[in-house]
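Notes follow once the structure below has been shown.
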Amino acid sequence: MGPGPSCVSDSVYAALARPTIGHLDPFFIEIMDTEKKNLKTIFRTGNELTLPVSGTGSAGMETCFVNLVNPGDKVLILVNGVFGTRMADVAGRLGANATVREFEWGTPVLVDAVREELAKQKFAIVAVVHAETSTGVRNPVEEIGRIVKDHGALYLVDAVTSLGGIDVRMDDWSIDAIYSGTQKCLSCPPGLAPISFSSRAVEKLKARTTKVPNWYLDLSLIMNYWEGSKRAYHHTAPINMVYALYQALYDLLAEGLEKSFARHADAHAYLVAELEKIGLTLLVAPESRLPMLNAVRCPEGIDEAKIRSRLLDEHKIEIGAGLGPLAGKIWRVGLMGHTARHENVDRLITALKHVL
Ligand SMILES: *Cc1c(COP(=O)(O)O)cnc(C)c1O
């Protein structure tokens with residue numbers, strides 16, 4: 001019940017344990033094609049370039065930036081937590097001319113501030129995190145998308161924690177590059193990073209005059225393995241992780257996206273109500289709260305690290321600590337994917353009452 005990895009279901013574990021076949025086996029290619037199709041459904045996009053990158057969520061972040069940033073590109077990065085800060089680090093390493101607009105941790109990115117920044121200068125890329133896992137804040141990705149579209153920049157969104165737990169509408173929200181991870185609301189072990197690029201993003205990639213400065217994450221090469229008739233070897237696909245994600249996406253679609261979002265919202269509402277009964281409150285204002293990541297204020301005068309280690313030692317429950325300016329001030333309780341159930345909330349509340 002921490003900020004990830006989330007609990008993995010038995011069906012996904014069973015998929016992981018199936019025999020490892022070749023990465024060019026026609027049966028494996030069928031699995032890849034279905035997985036791409038299902039990822040498109042879940043990202044709600046028609047984008048052809050939609051696939052899982054080999055690596056964790058951070059590899060998805062790196063893939064989006066490394067393929068789309070040319071040295072000197074003006075990039076606006078909206079930061080209100082650890083993962084926005086990481087985006088700025090990644091963009092800076094690629095020689096981007098990055099502008100970082102910061103917002104208080106625990107509060108959302110302000111749409112008016114984005115409008116203000118875009119009025120000042122022309123940006124090539126605007127980047128934001130949808131679900132800031134370090135604080136439990138949901139950023140207004142849809143509203144920002146409208147402004148970015150008028151401005152003409154490419155819109156890059158981190159959907160690592162949001163995908164599967166709250167709605168993500170890549171095409172409707174004018175998102176050009178998106179990445180996620182398997183280990184949050186997709187309830188799969190860490191190891192793959194689903195990404196999708198719009199036709200505008202693909203145009204920018206194809207128009208590059210210099211090579212993508214990272215061979216492993218170069219989508220112009222990886223595409224030739226995941227698409228079309230060539231199926232050219234690039235690197236050996238992590239076969240069993242591809243099975244696991246196949247099963248996780250299958251399970252999510254079998255439940256239904258709307259039902260999954262409702263289950264997350266319901267588990268979150270139940271957690272908040274139960275926490276309030278024992279006098280605990282949340283950091284984030286109700287309208288910006290994420291259902292899958294709950295930032296709970298630690299009560300005054302308590303050794304928060306001791307509470308976490310007792311939860312783990314005595315009750316086998318893991319919750320997360322606060323990071324950066326929120327270290328020592330909050331606990332982070334994950335209700336991601338398979339974890340988002342009343343029975344888990346009940347176990348946590350019983351254990352918290354005991355250790356507190
Ligand atoms: C977890 C997370 C990442 C990084 O994913 P890893 O799997 O740890 O590499 C990136 N962005 C957000 C919002 C996350 O929650």
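One-based numbering along the sequence shown. Just follow the structure's listing: the first ligand is 1, and inside any ligand the first atom is 1.
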Any donor-acceptor N or O pair under 3.5 Å, side chains Thr45, Asp171: yes
For atom 10 (C) of ligand 1, the protein heavy atom that lies nearest, with its residue and separation: Phe83 CD2, 3.3 Å
Parallel, tilted or perpendicular: ring planes of His315 versus His354, cut at 30 and 60 degrees: perpendicular
Which residue and heavy atom of the protein sit nearest atom 2 (C) of ligand 1, plus the separation: Lys184 NZ, 2.6 Å
For Gly57, the ligand 1 atoms whose distance to one of its heavy atoms is below 4.0 Å: 5 (O), 6 (P), 7 (O), 9 (O)
Close-contact set for ligand 1 against Val129 heavy atoms, below 4.0 Å: 13 (C)
Donor-acceptor under 3.5 Å (Thr182 side chain, Pro189 main chain): yes
Spatial distance of atom CH2 (Trp226) from atom CG (Leu219) [nearest 0.5 Å]: 12.0 Å
Any Pro190 heavy atom less than 4.0 Å from ligand 1: no
Within-cut-off N or O pair, Thr161 and ligand 1, under 3.5 Å: yes
Atom 11 (N) of ligand 1 [closest protein heavy-atom partner, distance rounded to 0.1 Å]: Asp158 OD2, 2.6 Å
same_hphob_cluster(Ile178, Phe261) at 4.5 Å side-chain heavy-atom cutoff: yes
Geometric class of the Phe123/His151 ring pair [parallel <30°, tilted 30-60°, perpendicular >60°]: tilted
Part of Ala131 within contact of ligand 1 (heavy atoms, under 4.0 Å): backbone
N or O pair under 3.5 Å between Thr56 and ligand 1: yes
For atom 4 (C) of ligand 1, closest protein heavy-atom neighbour: Ser58 OG, 3.4 Å
Atom 15 (O) of ligand 1: the protein heavy-atom neighbour that sits closest, reported with distance to 0.1 Å: Thr133 OG1, 2.3 Å
Joint cluster assignment, Leu293 & Leu271, ILVMFWY side-chain distance < 4.5 Å: no
Identity and distance of the protein heavy atom lying nearest atom 8 (O) of ligand 1: Gln183 NE2, 3.5 Å
Ring geometry between Trp173 and His130 (parallel below 30°, tilted from 30 to 60°, perpendicular above 60°): perpendicular
